Amino acid sequence: MKNLFLFLMALVMTSSIAFAATQSNTPYAKGKYYGEKIVQLGLEGDEEAITKLGTSCGNYIDANIETEEQLVKFREGFEAGIRKVCNDYGLGEEFADILMEELTKAILSELGL
């Protein structure tokens, strides 16, 4: 009985970890990560890290975004990440709007769109 219980617990933990890993690799989750990170690095003034992050973001988009729906989800996550950090630091919605607009222009320019 104890072995069965341990087996079931291991099964539940494995499926929970697999689900969490899948969720963190969705276009929305990756967009949110990049949005949060770029604002944090901007506040720190680390231009070199921002450049590296931009390259990483572009590489992610090139390698993983295949449909318009995925691109929309990535952008929604990116905006959510920006808004989260702006709210965390008390920068306000207007600042988040301006930042989102400028970053979107920069990303589209880099992608040649």
Side-chain angles (χ1 to χ4, degrees):
M1 183 73 160
K2 184 177 179 183
N3 288 339
L4 179 60
F5 177 73
L6 290 175
F7 173 74
L8 290 174
M9 288 303 295
L11 187 61
V12 168
M13 291 297 291
T14 303
S15 62
S16 296
I17 291 169
F19 178 74
T22 323
Q23 290 298 94
S24 65
N25 287 326
T26 65
Y28 181 88
K30 290 302 267 190
K32 187 173 183 209
Y33 164 78
Y34 283 117
E36 288 177 6
K37 196 70 175 162
I38 202 160
V39 176
Q40 290 168 346
L41 292 173
L43 292 171
E44 294 170 7
D46 192 343
E47 291 182 30
E48 185 177 325
I50 291 171
T51 301
K52 287 179 182 177
L53 184 70
T55 301
S56 173
C57 181
N59 290 340
Y60 171 80
I61 291 171
D62 286 342
N64 298 287
I65 303 296
E66 299 171 353
T67 66
E68 186 175 337
E69 181 181 345
Q70 289 174 323
L71 186 60
V72 168
K73 290 294 182 190
F74 181 86
R75 187 196 174 286
E76 288 172 354
F78 192 77
E79 183 173 0
I82 288 173
R83 292 192 182 286
K84 179 188 180 309
V85 175
C86 286
N87 287 334
D88 289 350
Y89 284 90
L91 300 173
E93 289 295 316
E94 186 175 334
F95 184 81
D97 290 341
I98 292 168
L99 190 56
M100 184 64 197
E101 182 179 328
E102 292 303 314
L103 288 171
T104 299
K105 284 180 194 175
I107 290 169
L108 291 175
S109 174
E110 284 295 317
L111 294 173
L113 301 174

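Predicted model only: the values in this text are computed from it and were never measured. Any value given below was found using the heavy atoms of this structure, including those in side chains, with hydrogens, waters and symmetry copies removed.
Contact check for L91 versus L99: no side-chain heavy atoms found under the 4.5 Å cut-off. Residues N64 and F74 are not in side-chain contact: their nearest non-hydrogen atoms beyond the backbone lie 4.5 Å or more apart.
Here the shortest heavy-atom pairing between P27 and Y60 reads CA-OH, 3.5 Å. Smallest separation of non-hydrogen atoms from C86 and V39: SG-CG1, 4.5 Å. Closest heavy-atom contact between E76 and Y28: C-CE1, 3.7 Å.
Linking Ile, Leu, Val, Met, Phe, Trp and Tyr whenever their side-chain heavy atoms come within less than 4.5 Å puts L43 and Y34 in one cluster.
Interatomic distance, I50 CD1 to L103 CG, rounded to the nearest 0.5 Å: 9.0 Å. Note that CG of D46 and CG of L53 are 10.0 Å apart. Values are rounded to the nearest 0.5 Å. Distance check, rounded to the nearest 0.5 Å: CG of L41 to OG1 of T51 gives 10.0 Å.
The number of heavy atoms from other shown groups lying within 6.0 Å of CD (E47) does not exceed 12.
Checked by atom type and distance alone, the side chain of S56 never pairs as donor or acceptor with a backbone atom of K52 at under 3.5 Å.
Residues meeting the salt bridge (Lys or Arg N to Asp or Glu O under 4.0 Å) test with K37, sequence neighbours left out: none.
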Show every donor-acceptor pair shorter than 3.5 Å between a side-chain atom in residues 65-73 and any protein atom, with sequence neighbours excluded, or say none if there are none.
| residue | atom | partner | partner atom | Å |
| --- | --- | --- | --- | --- |
| T67 | OG1 | Q70 | N | 3.1 |
| Q70 | OE1 | E66 | N | 2.6 |
| Q70 | OE1 | T67 | N | 3.1 |

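Residue pairs meeting the side chain to side chain donor-acceptor pair (under 3.5 Å) criterion with at least one member in residues 79-93, sequence neighbours excluded: R75-E79, E79-R83, R83-E93, R83-D97, K84-D88.
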